[in-house]
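Worksheet for the structure shown next.
Position 1 is the first residue of the sequence, and the numbers go up from there. These numbers were taken from a predicted model, which means no experiment stands behind them.
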Amino acid sequence: MAGLVRMSLDEPEEVRPFEGGKGRLALVNLAAGGVGRAVFEPGWRWSEHVKPIAGTDSCRASHAGYVISGRLRVEMDDGEAAEFGAGDFMLCPPGHDAWVLGDVPCVMLDWQGYADYAKPKG
């Protein structure tokens with residue numbers, strides 16, 4: 001056992017802003033992978049505010065996340081869709097778009113899909 005590890009998303013190792021000032025991802029990197037807290041501001045949409053960074057037609061990350069506050073709609077490339085709100089756990093495979101519903105930021109923790117999320121190419 002490696003011992004205790006303490007990291008804080010209030011003092012992340014990395015912060016990745018989204019296009020248009022519509023939010024940010026705070027990230028800590030563990031041996032098992034990145035863990036992040038994203039703040040998606042009202043009006044945020046993956047296809048507008050992360051797609052230019054990712055350079056893919058839809059989000060290619062798998063997510064295992066927990067919504068702390070706000071609401072998010074996720075629509076898969078095949079048309080399947082769901083809404084997630086505070087207290088919801090989400091498993092989401094690659095191939096989707098997502099956007100904030102309402103006028104409250106959506107804050108989400110994710111311990112699967114944020115290692116390369118909104119990471120500039122190159």
Side-chain angles (χ1 to χ4, degrees):
M1 182 172 184
L4 294 172
V5 173
R6 182 193 173 277
M7 301 176 104
S8 174
L9 291 169
D10 290 330
E11 298 175 10
E13 294 176 291
E14 186 177 356
V15 176
R16 298 179 190 157
F18 302 141
E19 295 284 314
K22 287 293 185 181
R24 67 207 161 280
L25 169 64
L27 187 68
V28 294
N29 295 295
L30 306 172
V35 176
R37 177 179 60 207
V39 176
F40 304 106
E41 298 291 343
W44 176 89
R45 187 175 183 124
W46 185 91
S47 55
E48 295 175 24
H49 301 102
V50 180
K51 180 179 179 175
I53 300 167
T56 57
D57 288 337
S58 61
C59 181
R60 304 314 306 163
S62 293
H63 300 285
Y66 178 79
V67 181
I68 296 171
S69 62
R71 294 197 61 76
L72 189 73
R73 180 172 174 86
V74 177
E75 187 170 309
M76 303 302 298
D77 290 347
D78 68 4
E80 181 183 6
E83 293 181 11
F84 299 91
D88 287 343
F89 175 77
M90 175 182 78
L91 287 176
C92 180
H96 57 272
D97 193 2
W99 56 93
V100 172
L101 298 172
D103 59 359
V104 174
C106 180
V107 179
M108 179 176 282
L109 297 176
D110 190 318
W111 49 93
Q112 181 177 339
Y114 282 167
D116 293 322
Y117 192 83
K119 188 174 188 175
K121 299 177 285 284

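- F18 and A118 make their closest contact through CE2-CB, 3.7 Å (heavy atoms, listed as atom of the first residue, atom of the second, distance).
- Residues satisfying the salt bridge (Lys or Arg N to Asp or Glu O under 4.0 Å) criterion with D77, sequence neighbours excluded, are R60.
- Closest non-hydrogen pair, G43 versus H49, comes out as O-CE1, 3.3 Å.
- Residues W111 and Y66 meet the side-chain proximity criterion, which asks for heavy atoms closer than 4.5 Å.
- Of all heavy-atom pairs spanning A64 and Q112, the tightest one is CB-OE1, 3.3 Å.
- Grouping the Ile, Leu, Val, Met, Phe, Trp and Tyr side chains by contacts below 4.5 angstrom, directly or via other members, places V107 with V28.
- Taking both residues in full, the closest heavy atoms of E75 and G79 are given as CG-O, 4.2 Å, listed atom of the first, atom of the second, then distance.
- Under a 4.5 Å side-chain heavy-atom criterion applied to ILVMFWY residues, the cluster that includes I53 comprises that residue alone.
- Cluster annotation: L25 is not connected to L109 through the hydrophobic network of ILVMFWY side chains, with a link wherever side-chain heavy atoms come within less than 4.5 Å.
- A54 and W46 get closest at one heavy-atom pair: CB-CZ2, 3.9 Å.
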For residues 30-38, which side-chain donor-acceptor pairs fall under 3.5 Å, sequence neighbours excluded?
from	atom 1	to	atom 2	distance (Å)
R37	NH1	D10	OD1	3.3
R37	NH2	L9	O	2.9
R37	NH2	D10	OD1	3.1

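- Taking CG from L27 and CE from M7, the interatomic distance works out to 9.0 Å, rounded to the nearest 0.5 Å.
- With contacts defined as side-chain heavy-atom distances shorter than 4.5 Å, the pair M90/V67 does not qualify.
- Put simply, OG on S58 and NZ on K51 are 8.5 Å apart, with the number rounded to the nearest 0.5 Å.
- Every residue meeting the side chain to side chain contact (heavy atoms under 4.5 Å, CB included) condition with P52, not counting sequence neighbours, appears here in chain and number order: E19.
- One N or O on the side chain of D97 and one on the backbone of S47 form a donor-acceptor pair closer than 3.5 Å.
- Counted within 6.0 Å of CG on D78, heavy atoms from surrounding residues, nucleotides or ligands total more than 12; the atom is thus considered enclosed.
- Qualifying side chain to side chain contact (heavy atoms under 4.5 Å, CB included) partners for E41, counting only residues two or more places apart in sequence or in other chains: K22, R24, V39, P105.
- I68 is connected to F89 through a chain of hydrophobic side-chain contacts under 4.5 Å among Ile, Leu, Val, Met, Phe, Trp and Tyr, so both are in one cluster.
- For H63, the ring pair (Phe, Tyr, Trp, His ring centres under 6.0 Å) partners are H96, Y114, Y117, not counting sequence neighbours.
- Residues C92 and M76 form a side-chain contact, since some pair of their non-hydrogen atoms from C-beta on lies under 4.5 Å apart.
- Taking each heavy atom of C106 and L72 in turn, the nearest pair found is SG-CB, 3.8 Å.
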